[in-house]
Q: 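This is the structure I have questions about; it appears just below.
FYI, the numbering just counts along the sequence from 1.
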Amino acid sequence: MQALKVKFLLVLRNILRHKRCSTISISSVTFGIVALLLASGFIEFIFQDFRETTIRSQLGHLQIVKPHYFEAGKADPYRFLFPDDLEQNLSNNFTLSNDIHPIETIVPRLSFSGLISHGDATLSFIGEGVDPQEQVYFGNALKISTGSNLSADHPDHLIMGEGLARNLGVKAGDQIVLLVNTATGGINAVEMIIGGLFSTVTKSYDDSALRLPISTARQLLRTQGAHSWVVLLNDTNQTDQMLAALRNTLSQDCFEIVPWYQLADFYNKTTVLFTKQVQAIKLIITLIILLGISNTMTMNVVERTGEIGTAMALGVKKFDILRQFLCEGALIGGIGGALGILIGWLLATIISNIGIPMPPPPGMARGYIGEILLTSNMVLEALALAILTTLIASVYPAWKASRMQIVDALRHNR
């Protein structure tokens with residue numbers, strides 16, 4: 001331990017003694033780590049916000065449906081309805097499991113499609129019958145921009161996407177007509193009032209979707225039951241654990257449990273795109289650090305040629321010279337990485353408190369206020385990248401220093 005302490009102090013002294021080269025090296029590492037943390041933290045916030053909004057505005061964490069519903073349910077939706085008595089059975093099972101598993105709520109959904117009319121305008125729509133009380137658990141992810149959300153006190157009110165309302169030429173308070181095919185093959189229509197307009201993160205959904213109380217939807221379709229039961233958890237990180245538990249509990253012949261990430265196609269494509277952008281940023285920063293450290297370390301070796309020759313003349317082995325320069329490079333990376341993390345964290349806190357106003361991205365319905373979200377894994381990866389990159393960048397200058405001839409190195413002092 002004493003020998004290691006002496007070597008560490010020697011390496012630190014050499015870094016402090018050559019202030020110019022050390023400052024340039026540490027500054028380049030610090031700048032790179034700050035840029036990496038801010039970019040990665042911003043995209044991490046987008047991932048989390050987009051994920052939670054997608055889950056709470058549309059999909060839930062898990063959906064319990066009949067097998068093959070998502071493959072064939074559009075063509076024959078009434079063949080995939082759960083019976084009425086399933087509601088009580090599921091509620092009993094989940095109530096017993098709620099002490100073990102982090103389930104926040106389970107709500108039914110009844111999906112259908114048809115035509116919506118107002119005056120001379122008629123458009124197709126996709127609709128969902130939902131429990132008006134689910135908003136208590138799902139929060140404000142389904143943003144009501146005009147009017148009010150569904151209420152059990154107003155079964156004749158519905159809410160629709162801003163895009164659908166715009167295309168139909170209606171606003172909150174207007175009366176519209178819904179026309180659908182019933183479960184028996186007939187046609188049924190109902191007059192309803194637009195109680196509110198909503199917007200989500202997905203513009204295509206807002207352009208065609210509406211929601212109404214599930215009791216009204218059942219009367220309109222002349223059927224009972226639900227197509228799916230949406231499970232909302234307290235923590236998204238528990239999704240896979242709960243998925244395995246439900247698949248072990250419920251018969252696979254009668255039930256199919258689908259996690260949110262298998263249904264969120266737009267989210268998955270967006271995360272793939274942004275992940276590639278982060279990887280490109282990491283590559284650029286790595287190259288900047290490699291070139292900067294390699295250049296300054298090479299300059300350092302040239303300036304210390306006489307010192308290296310003197311050390312070798314006193315019996316210091318070439319391997320020790322090599323190891324010393326590698327240790328200096330790693331320590332520079334550690335110091336620069338630590339400073340970068342500290343400055344990055346301070347900037348992330350300031351920026352997050354102020355907020356970053358962002359316009360609606362392509363395919364999304366609304367803008368958002370961006371923040372910088374730093375995670376422990378992100379910080380550790382940044383520190384490891386700083387140390388590893390500077391270590392790699394120090395290999396050639398260290399090898400060059402260790403290969404010097406003693407006579408030539410000593411002559412350099414003259």
Q: For the atom pair CD1 (Ile43) and CG (Leu273), what is the distance rounded to the nearest 0.5 Å?
A: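 Here the rounded value is 8.5 Å.
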Q: Of all residues at least two apart in sequence or in a different chain, which pass the ring-ring contact (aromatic ring centres under 6.0 Å, His included) check with His68?
A: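 Not a single residue meets the ring-ring contact (aromatic ring centres under 6.0 Å, His included) criterion with His68.
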Q: Answer whether the closest heavy-atom distance between the side chains of Ile126 and Ser208 falls below 4.5 Å.
A: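 SC-SC contact between Ile126 and Ser208 confirmed.
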Q: Mind checking salt bridge (charged side-chain N to carboxylate O under 4.0 Å, His left out) for Arg51 and listing every partner two or more places apart, or none if nothing turns up?
A: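 For Arg51, no residue satisfies salt bridge (charged side-chain N to carboxylate O under 4.0 Å, His left out) once neighbours in sequence are set aside.
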Q: Which heavy atom in Leu37 sits nearest to a heavy atom in Gly344, and how many Å separate them?
A: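 Closest approach of Leu37 to Gly344, heavy atoms only: CD1-CA, 4.5 Å.
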Q: Run the salt bridge (charged side-chain N to carboxylate O under 4.0 Å, His left out) test against Glu134 and tell me which residues pass, sequence neighbours left out.
A: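 With sequence neighbours excluded, Glu134 shows a salt bridge (charged side-chain N to carboxylate O under 4.0 Å, His left out) to Arg109, Arg211, given in chain and number order.
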Q: Please enumerate all residues that pass side-chain contact (heavy atoms from CB on, under 4.5 Å) together with Val379, with sequence neighbours excluded.
A: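 Partners of Val379 under the side-chain contact (heavy atoms from CB on, under 4.5 Å) test: Ile341.
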Q: Give a yes or no on whether Gln252 atom CD has more than 12 heavy-atom contacts from other residues, nucleotides or ligands under 6.0 Å away.
A: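 Open.
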Q: Between Ile214 and Val130, does the side-chain contact (heavy atoms from CB on, under 4.5 Å) criterion hold? Intermediate values first, please.
A: CA-CA 5 Å; Ile214 193 169; Val130 302; 5.7 Å; no
Q: Between Tyr261 and Asp240, is there a side-chain heavy-atom distance shorter than 4.5 Å?
A: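 They are in side-chain contact.
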Q: Phe125: which residues meet the ring-ring contact (aromatic ring centres under 6.0 Å, His included) condition with it, sequence neighbours left out?
A: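 Partners of Phe125 by the ring-ring contact (aromatic ring centres under 6.0 Å, His included) criterion, ordered by chain and then number, come out as Phe112.
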Q: Would Leu178 and Ile176 count as a side-chain contact (heavy atoms from CB on, under 4.5 Å) here? Give the steps.
A: CA-CA 7 Å; Leu178 300 181; Ile176 51 88; 3.7 Å; yes
Q: Using the test ring-ring contact (aromatic ring centres under 6.0 Å, His included), find all partners of Phe42 that sit at least two apart in sequence or belong to another chain.
A: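 If we apply the ring-ring contact (aromatic ring centres under 6.0 Å, His included) test to Phe42, skipping adjacent residues, there are no hits.
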Q: Could you work out, with side-chain contact (heavy atoms from CB on, under 4.5 Å) as the rule, every residue matching Pro213, not counting sequence neighbours?
A: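 Result, side-chain contact (heavy atoms from CB on, under 4.5 Å) vs Pro213: Pro132, Leu150, Ser215, Thr216.
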Q: Do side-chain atoms of Asp174 reach the backbone of Lys171 as a donor and acceptor pair under 3.5 angstrom?
A: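 Between the backbone of Lys171 and the side chain of Asp174 there is a qualifying donor-acceptor contact (under 3.5 Å).
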Q: Using a 3.5 Å distance criterion without hydrogens, assess whether the side chain of Asn167 forms a donor-acceptor pair with backbone atoms of Leu123.
A: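 Such a contact is absent between Asn167 side chain and Leu123 backbone.
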Q: Under 3.5 Å, side chain of Ser27 to main-chain N/O of Ile24, donor-acceptor pair present?
A: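 Pair absent, no side-chain N/O of Ser27 close to backbone of Ile24.
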Q: Can you label the angle between the Tyr205 ring and the Phe198 ring as parallel, tilted or perpendicular, going by 30° and 60°?
A: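 Tyr205 vs Phe198 ring planes: tilted.
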Q: If you look at every heavy atom in Val177 and Ala189, which pair is closest and at what distance?
A: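 Residues Val177 and Ala189, closest heavy atoms: CG1-CB, 4.2 Å.
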Q: Any idea which heavy atoms bring Ala348 and Leu38 closest together, and the distance?
A: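 For Ala348 versus Leu38, the nearest heavy atoms are N-CD2, 4.1 Å.
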Q: Under a 3.5 Å cutoff, is there a donor and acceptor pairing between the side chains of Ser199 and Ser145?
A: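 Not at all, the side chains of Ser199 and Ser145 share no donor-acceptor pair under 3.5 Å.
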Q: List the atom pairs, with distances to 0.1 Å, where a side-chain N or O of residues 58-66 and a protein N or O form a donor-acceptor pair under 3.5 Å, not counting sequence neighbours.
A:
| unit_1 | atom_1 | unit_2 | atom_2 | d |
| --- | --- | --- | --- | --- |
| His61 | ND1 | Leu233 | N | 2.8 |
| His61 | NE2 | Thr236 | OG1 | 3.0 |
| Gln63 | NE2 | Leu59 | O | 3.1 |
| Lys66 | NZ | Leu81 | O | 3.0 |

Q: Does this structure show an ion pair linking Arg56 with Glu104, if we count only N-O contacts that are shorter than 4.0 Å?
A: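 So Arg56 pairs with Glu104 through a salt bridge.
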Q: Distance from Ile372 atom CD1 to Ser40 atom OG, nearest 0.5 Å?
A: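 It is 9.5 Å, given to the nearest 0.5 Å.
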Q: Does any non-hydrogen side-chain atom of Val258 lie less than 4.5 Å from one of Leu263?
A: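 Result yes, sub-4.5 Å side-chain heavy-atom pair found.
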Q: Verify, without hydrogens or angle tests, whether His118 (side chain) and Leu168 (backbone) share a donor-acceptor contact under 3.5 angstrom.
A: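 Judged by distance alone, no pair lies under 3.5 Å.
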Q: Under the side-chain contact (heavy atoms from CB on, under 4.5 Å) test, which residues partner Leu339, sequence neighbours left out?
A: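 Once residues adjacent in sequence are excluded, the partners of Leu339 under the side-chain contact (heavy atoms from CB on, under 4.5 Å) criterion are Ile26, Thr30, Ile335.
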Q: Pick out which of Asp235, Asn234, Thr239 makes a side-chain contact (heavy atoms from CB on, under 4.5 Å) with Asn237.
A: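 Of the listed options, the one satisfying the test is Asp235.
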Q: Assess whether salt bridge (charged side-chain N to carboxylate O under 4.0 Å, His left out) is satisfied between Glu256 and Arg247, documenting all intermediate values.
A: CA-CA 8 Å; Glu256 181 180 0; Arg247 285 178 174 174; over 6 Å; no
Q: Hey, do the aromatic rings of His227 and Phe82 have their centres closer than 6.0 Å?
A: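 No; Phe82 has its ring centre 6.0 Å or more from that of His227.
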Q: Under the salt bridge (charged side-chain N to carboxylate O under 4.0 Å, His left out) rule, collect the residues that match up with Asp76, sequence neighbours excluded.
A: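 Expected list: Arg79.
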Q: Main chain of Asn188, side chain of Thr182: is a donor-acceptor contact present, judged purely on distance under 3.5 Å?
A: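 Here the side-chain-to-backbone pair does not exist.
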Q: Between Ser228 and Val230 (side chain of the first, backbone of the second, donor and acceptor by atom type, cut-off under 3.5 Å), is there such a pair?
A: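 Checked: no pair found.
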Q: How about Phe45 and Phe50: are their ring centres within less than 6.0 Å of each other?
A: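 No, the ring of Phe45 stays outside the 6.0 Å limit from the ring of Phe50, centre to centre.
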Q: I'd like to know if the side chain of Ser111 reaches the main chain of Glu128, judged simply by a donor and an acceptor atom lying under 3.5 Å from each other, with no hydrogens or angles considered.
A: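 No, Ser111 side chain to Glu128 backbone: no donor-acceptor pair under 3.5 Å.
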Q: Nearest 0.5 Å please: distance from the OG1 atom of Thr249 over to the CZ atom of Phe255.
A: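 These two atoms lie 11.0 Å from each other.
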Q: With sequence neighbours left out, write down each residue that passes side-chain contact (heavy atoms from CB on, under 4.5 Å) with Ala183, or none if nothing qualifies.
A: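 Ala183 satisfies side-chain contact (heavy atoms from CB on, under 4.5 Å) with Tyr78, Thr223 once adjacent residues are dropped.
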Q: If you measure only the distance, is there a donor-acceptor pair under 3.5 Å linking the side chains of Glu44 and Thr375?
A: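 Result is no, nothing qualifies.
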Q: If I take atom CG from residue Asp265 and atom OG1 from residue Thr54, how far apart are they, to the nearest 0.5 angstrom?
A: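 If we round to the nearest 0.5 Å, Asp265:CG and Thr54:OG1 are 11.5 Å apart.
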Q: Report the residues that fulfil ring-ring contact (aromatic ring centres under 6.0 Å, His included) with Phe31, sequence neighbours left out, ordered by chain and then residue number.
A: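 Applying ring-ring contact (aromatic ring centres under 6.0 Å, His included) to Phe31 gives none.
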Q: Under the criterion side-chain contact (heavy atoms from CB on, under 4.5 Å), I'd like the reasoning laid out for Phe47 against Leu373: C-alpha separation, chi angles, the key distance, then a yes or no.
A: CA-CA 10 Å; Phe47 284 174; Leu373 178 62; over 6 Å; no
Q: Looking only at heavy atoms, what is the nearest atom pair of Ala217 and Leu212, with distance?
A: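 It is N-CD1, 3.9 Å.
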Q: Could you report the tightest heavy-atom contact between Gly355 and Ile369, atom names first, then the distance?
A: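 Closest heavy-atom pair between Gly355 and Ile369: CA-CG2, 3.7 Å.
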Q: Once rounded to the nearest 0.5 Å, what's the spacing between atom CD1 of Ile33 and atom CD of Glu381?
A: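 With rounding to 0.5 Å, CD1 (Ile33) is 11.0 Å from CD (Glu381).
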Q: Run the numbers on Ile159 and Ile144 for side-chain contact (heavy atoms from CB on, under 4.5 Å), then give the verdict.
A: CA-CA 9 Å; Ile159 57 175; Ile144 302 298; 4.2 Å; yes
Q: Within the side chain of Thr390, is there an N or O that forms a donor-acceptor pair under 3.5 Å with the backbone of Ile387?
A: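 Judged by distance alone, yes, a pair lies under 3.5 Å.
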Q: Is Asp207 close to Arg166 at the side-chain level, that is, under 4.5 Å between some pair of heavy atoms?
A: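 Of all side-chain heavy-atom pairs linking Asp207 with Arg166, at least one is under 4.5 Å.
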Q: Write down the atom of Leu391, the atom of Ala330, and the distance for their closest heavy-atom approach.
A: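 The answer is CD1-CB, 4.0 Å.
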Q: Ignoring hydrogens and geometry, is there a side-chain-to-backbone donor-acceptor pair from Ser352 to Thr349 under 3.5 Å?
A: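 No.
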Q: Say you draw a straight line from CG of Leu380 to CG of Leu385; how long is it, rounded to the nearest 0.5 Å?
A: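 Spacing of CG (Leu380) from CG (Leu385) equals 12.5 Å.
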Q: Is any side-chain heavy atom of Ile194 less than 4.5 Å from a side-chain heavy atom of Val170?
A: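 Ile194 vs Val170: side chains touch.
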